[in-house]
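Have a look at the structure below, then the notes.
Atoms considered below: every heavy atom in the structure, side chains included; atoms not considered: hydrogens, waters and symmetry mates.
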Amino acid sequence: MALITLTTDFGYQDHYIAALKARLLGTHVIDISHDISPFNISHASYVLKNVFRDFPEGSIHLVSVNESTAVFDPCIGIKLEGHVFLGVDNGFFSLISALEPEEAVFLEGNEQSSNHVFYAKSILAPAALRLSGGASLQELGVPAEQLKKRLNMQVKTAKNLISGNIVHIDRYGNLITDIEKKVFDTICDGRDFVIKLGRETTNVIHSSYNTREFGDYLALFNSNGFLEIALSNGHASDLLGVKRNYRVMIQFSPQRE
């Protein structure tokens with residue numbers, strides 16, 4: 001029986017998570033997060049894309065974020081990188097992988113979606129149960145030939161420059177960018193550099209959070225290989241006044257002739 005993961009913006013104040021899990025009794029359910037910022041598809045996509053590959057192929061990932069759009073956007077099931085995802089066709093799944101889905105269907109129940117309020121429970125959970133029991137995606141609906149797409153903000157590179165963005169702020173206030181270590185290493189090629197975030201600068205990449213004194217500014221590459229700006233034992237977002245989509249610049253010394 002395939003395991004089922006849950007990613008939602010339900011929070012923990014209300015009964016929604018319990019109601020969803022009650023519908024999935026008898027299956028192996030793992031919570032990824034229920035603390036997604038309400039209606040925030042970008043936040044949800046960042047969280048899910050950084051963890052879904054840690055689960056075995058064939059896992060079923062149920063996503064319910066801003067599910068009210070299901071009145072206009074049908075519920076879908078897709079197979080992507082060997083995993084199955086259930087959610088709403090609002091472009092979310094184009095943000096978690098650059099690859100095209102291997103399979104995609106519009107789920108049964110969409111035709112009555114205007115009569116539903118709790119889509120995760122009424123449409124997505126039944127689909128997850130059937131998949132976990134051995135059903136194929138094709139048995140759950142009709143083929144979806146074209147899905148909606150969204151675009152992430154892009155990292156820009158030049159010979160002596162990388163320009164990226166703050167894409168996520170974790171609960172510790174660490175500022176996570178979309179600049180990958182492999183991109184940094186390729187352009188840097190051993191040269192001196194300066195990382196600029198507003199008025200803050202640094203020219204050192206640290207190996208961990210505790211290599212600086214309490215409250216000091218630092219940069220490091222996190223476990224997922226992305227550049228992160230932090231304050232040692234501090235909340236960088238609050239203290240630096242930086243929010244999501246803020247620009248981060250890395251300038252490199254000129255290449256040697």
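- Taking the six-membered ring for Trp and the full ring otherwise, the centers of F184 and F221 sit less than 6.0 Å from each other.
- Atom NZ of K196 is surrounded by 12 or fewer heavy atoms from other residues, nucleotides or ligands within 6.0 Å.
- Centroid-to-centroid, the aromatic rings of Y209 and Y172 stay 6.0 Å apart or farther.
- With respect to the salt-bridge test (charged N to carboxylate O, under 4.0 angstrom), the residues E57 and K79 do not qualify.
- Using modelled atom types, one side-chain atom of D89 and one backbone atom of K148 make a donor-acceptor pair closer than 3.5 Å.
- Remark: side-chain polar atoms of H43 are paired, donor with acceptor, to backbone N or O of S37 under 3.5 angstrom.
- The aromatic rings of H34 and F10 sit parallel to each other, their planes meeting at less than 30°, with 60° as the upper class boundary.
- Remark: side-chain polar atoms of E102 are paired, donor with acceptor, to backbone N or O of E81 under 3.5 angstrom.
- Side-chain atoms of S132 come within 3.5 Å of backbone atoms of A2 as a donor-acceptor pair (strictly under, hydrogens ignored).
- Under a hydrophobic clustering in which Ile, Leu, Val, Met, Phe, Trp and Tyr are joined whenever their side-chain heavy atoms come within less than 4.5 Å, directly or via other members, V51 and V65 fall into the same cluster.
- Considering V183, V248, V167 as possible partners of D178, the one that fulfils the side-chain contact (heavy atoms from CB on, under 4.5 Å) test is V167.
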Start with the C-alpha distance between F85 and F92, add both sets of side-chain angles, then the distance that settles ring-ring contact (aromatic ring centres under 6.0 Å, His included), and finish with yes or no.
-> CA-CA 11 Å; F85 298 86; F92 173 87; 8.2 Å; no
Stepwise side chain to side chain contact (heavy atoms under 4.5 Å, CB included) check, L147 with S94 | CA-CA 9 Å; L147 302 177; S94 65; over 6 Å; no
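- Between H61 and T5, the side chains place a donor N or O and an acceptor N or O closer than 3.5 Å (distance only, hydrogens not considered).
- For the side-chain contact (heavy atoms from CB on, under 4.5 Å) with L6, the qualifying choice from I32, I30, L24, V63 is L24, the only one to do so.
- I250 pairs in a side-chain contact (heavy atoms from CB on, under 4.5 Å) with only one of the listed residues (L227, L161, T177, I187), which is L227.
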Take N245 and N165, measure what side chain to side chain contact (heavy atoms under 4.5 Å, CB included) needs, and give me the verdict at the end.
-> CA-CA 5 Å; N245 299 329; N165 315 279; 5.5 Å; no
